[in-house]
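Residues: numbered from 1 along the sequence shown.
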Amino acid sequence: MNEKELYTVVVTDDEPELLEAVCTMIRWEEIGFRLVGSAGNGLDALQLVEQLQPDLLLSDIHMPFISGVELARQVRELRPMTHIAFLSGYDDFEYAQKAIEYNVISYLLKPIGMADLTEALREIHKKIRRHYQSLLAPRSGQQGWEPFLAPLLLDDFTDEQELSEEALAAAGKAAGLFPDVPEPTFVVLATRMGQEAATVEMAGAVDLILAQYYPAKSLCAGRQVLTLLASAGDFAWLSIALDELGQAVGRVWGCACTTGVSRPFHHWAKCHSAAREAVDALRFAAPGADGLRRLPEAEAGSGRKTDYSALTDQLESLLRSGSRMELEQYLHELRGSREDVTLLQILATALRVLGAAASDAQVQELRRRCHLEESPFSAVPEEERWKRTAQLCLAARELLSSQRQGGVSLLCDKALEDINRNYMDEQLSLSTVSERLHVSPNYLSANMKKYAGDTFINLLIKKRMEVAWELLKTTNWKILEVAKRCGYSDQHYFSYCFKKYYGVSPVALRRSGGGT
């Protein structure tokens, strides 16, 4: 079996004998899977999904602590690319159907023998393989809507008012674009996958993935895939949709995926300006709280059409995401031109980037520190003008870098604060915290790993267990009361978690003299 076709799987079931049998008696690699974890309840399974990011979760539908449907919902938010197969009895089937929107790929009826389960897993492997292969399949020829959509996104003719909005809307419907969305709201996405030029296969994959959430039509445009997305309402699922896209690109093509997002708009005539905005966001904007790249609101409505030359492209990229050494080297190269127009371009680019990302007070302070307010600037000797301009660029880069780091740090600090303040709340979870912070669970999880060195779920468990240990040592409270104070209404599950974490049960700790 090709290693790329070995799909990772986590198994969860609350019947220990069945769980052990499934894990040990199935010849996983012979049927195309690699078993990477197992759990006896839904909460442990969710913890493993966050840690291991499996291709498949094979789960019983009735489990302690969290139901299979709720597990599927949270897995969908955290890891949209993970497929789910349910083990269920006949009476559970209608109940399990509620999870159809959560990537449930198969329902397997209990009781089931190992031979039948093996055959069912072979079929699941085929389904997953077909899904991944569909993302690689090229489109068959030009699509009927492409001759209409390509100039709409790529050309300026709509900005020249050559066609009325009514004519554009009629032409869009005639081309078969979004016939089921009568009064659509649009966004344009610019997606880059790796460093090479975008391909037809990539554009098709973007459509296949995003169409699960919103009607989508995509085109190749240089290194980007441009996508026109339509919605009858808002784009509340966009972060999760693009989480799934990024996970799919990593799984299928083995490369990173980033997406710039335009502001929502309602008129077909705005497609081209929105496409420019999405590409600019992709190239220059830092990821926002939800992981998406958008131009700052300060740039909205400016009406300015920026003509990015090679100089301003490179300089803006270095100001936003380059290293200090790279920026200094590039400024040194530009210094060699000794042309006033180059100096003015550098100043204009740096001040424009600052104006979009910093407050007026911050911009004025940098101008003051770099002596740009001294008048007339043109009367300053050339060497000094270049020196002050370089100082402004380096200071702008430091400010933008601290803002990016501060944004992620602030987000993670808020999540940690939520854990410390609300750990006793049994409903506290990655999903509830990410909802309060207005980010996707996947985005919060990824940044928590980088910032705090562990997954959200593990950090929550760590906090609860530390508090439990202290309460067991310093109070005479009953174990059930300790459990409730630490976010566990079920004493059995609390004892299970405590022993799993410390290697000793709460009762054994008390008996050994570890408690009062």
Determine the interplanar angle of the F498 and W469 rings, folded into 0 to 90°, and report it as parallel if under 30°, tilted if 30 to 60°, perpendicular if over 60°.
parallel

E383 with K387: basic N within carboxylate O range, under 4.0 Å:
no

What do you reckon, is CD of E435 surrounded by more than 12 foreign heavy atoms closer than 6.0 Å?
no

Tell me if a side-chain donor or acceptor on E201 pairs with a main-chain N or O of L135 at a distance below 3.5 Å.
no

I'd like to know if the side chain of Y502 reaches the main chain of M465, judged simply by a donor and an acceptor atom lying under 3.5 Å from each other, with no hydrogens or angles considered.
yes

Less than 4.5 Å apart, side chain to side chain, heavy atoms only: is that true for V467 and M424?
no

Got a second to check how far K449's NZ is from N458's CG, nearest 0.5 Å?
9.5 Å

Supply the atom-to-atom distance D454 CG to L460 CG, rounded to the nearest 0.5 angstrom.
11.5 Å

Steps toward side chain to side chain contact (heavy atoms under 4.5 Å, CB included) verdict (I346, W386)
CA-CA 10 Å; I346 296 171; W386 277 93; 3.7 Å; yes

Straight-line distance of W253 CH2 to E196 CD, nearest 0.5 Å:
14.0 Å

Looking only at heavy atoms, what is the nearest atom pair of L327 and C393, with distance?
CD2-O, 3.6 Å

Please assess L57 against L71 for the test side chain to side chain contact (heavy atoms under 4.5 Å, CB included), listing each intermediate value before the final yes or no.
CA-CA 10 Å; L57 173 64; L71 173 62; 3.7 Å; yes

Is there a donor-acceptor pair closer than 3.5 Å between any side-chain N or O of E77 and the backbone N or O of P441?
no

Return the set of residues passing side-chain hydrogen bond (donor to acceptor under 3.5 Å, both in side chains) with N422 (not counting sequence neighbours), or none when no residue passes.
D418

From I457 atom CD1 to Q74 atom CD, the distance as rounded to the nearest 0.5 Å:
7.5 Å

Which atom names give the shortest non-hydrogen contact between A45 and A39, and what distance separates them?
N-CB, 3.5 Å

On a heavy-atom basis, which atom in C257 and which in M193 lie closest, and how many Å separate them?
SG-CG, 4.4 Å

Would you indicate whether K173, at its atom NZ, is surrounded by more than 12 heavy atoms from other residues, nucleotides or ligands within a distance under 6.0 Å?
yes

L392 versus L351: any side-chain heavy-atom pair under 4.5 Å?
yes

Interatomic spacing from CG in L238 to CG in D243 - rounded to 0.5 Å
9.5 Å

Within this structure, what is the CG-OH distance for the pair L428 and Y423, rounded to the nearest 0.5 Å?
11.5 Å

Can you find a heavy atom in the side chain of E328 that is under 4.5 Å from one in the side chain of L331?
no

Nearest heavy atoms of G233 and S231, plus distance in Å:
N-OG, 3.0 Å

Can K270 be said to sit on top of F265's aromatic six-ring, NZ or CZ under 6.0 Å from centre and within 45° of the ring axis?
no

Sub-4.5 Å side-chain heavy-atom contact between Q224 and R192:
yes

Classify the ring geometry between F494 and Y488 as parallel (under 30°), tilted (30 to 60°) or perpendicular (over 60°).
tilted

E466, CD: over 12 other non-hydrogen atoms inside 6.0 angstrom:
yes

Can you find a heavy atom in the side chain of R324 that is under 4.5 Å from one in the side chain of E398?
yes

Does the pair W145 and L177 meet the rule for a side chain to side chain contact (heavy atoms under 4.5 Å, CB included), with working shown?
CA-CA 7 Å; W145 45 264; L177 286 173; 3.7 Å; yes

Whether R293 side chain and A281 backbone form a donor-acceptor pair below 3.5 Å
no

Donor-acceptor pair, side chain of Y214 and main chain of W237, under 3.5 angstrom:
yes

L334 side chain reached by Q345 side chain, heavy atoms, under 4.5 Å:
no

With a 4.0 Å cut-off on N to O distance, would you call R385 and E382 a salt bridge?
no

State whether the side chain of T8 and the backbone N or O of D55 hold a donor-acceptor pair below 3.5 Å, judged by distance alone.
yes

Judged by atom type as modelled, is there a donor-acceptor pair below 3.5 Å linking the side chain of S262 to the main-chain atoms of A278?
no

Sub-4.5 Å side-chain heavy-atom contact between Y443 and L411:
yes

The residue among L210, V225, L226 that forms side chain to side chain contact (heavy atoms under 4.5 Å, CB included) with L189 is L210

Please report the closest heavy-atom contact between A236 and D234, naming both atoms and the distance.
N-OD1, 3.3 Å

Begin from the C-alpha positions of F456 and L78 and carry the test side chain to side chain contact (heavy atoms under 4.5 Å, CB included) through to its verdict.
CA-CA 11 Å; F456 176 91; L78 176 64; over 6 Å; no

Contact between S445 and L430 at the side-chain level, heavy atoms closer than 4.5 Å - yes or no?
yes

Show, in sequence, the C-alpha distance, side-chain angles and deciding distance for E146 and K217, and conclude whether the salt bridge (Lys or Arg N to Asp or Glu O under 4.0 Å) test is met.
CA-CA 9 Å; E146 287 188 29; K217 299 297 181 185; over 6 Å; no

Check: E244/Q212 side-chain N/O donor and acceptor closer than 3.5 Å:
yes

Which heavy-atom pair separates T185 from P264 by the least distance, and what is that distance?
CG2-CB, 3.9 Å

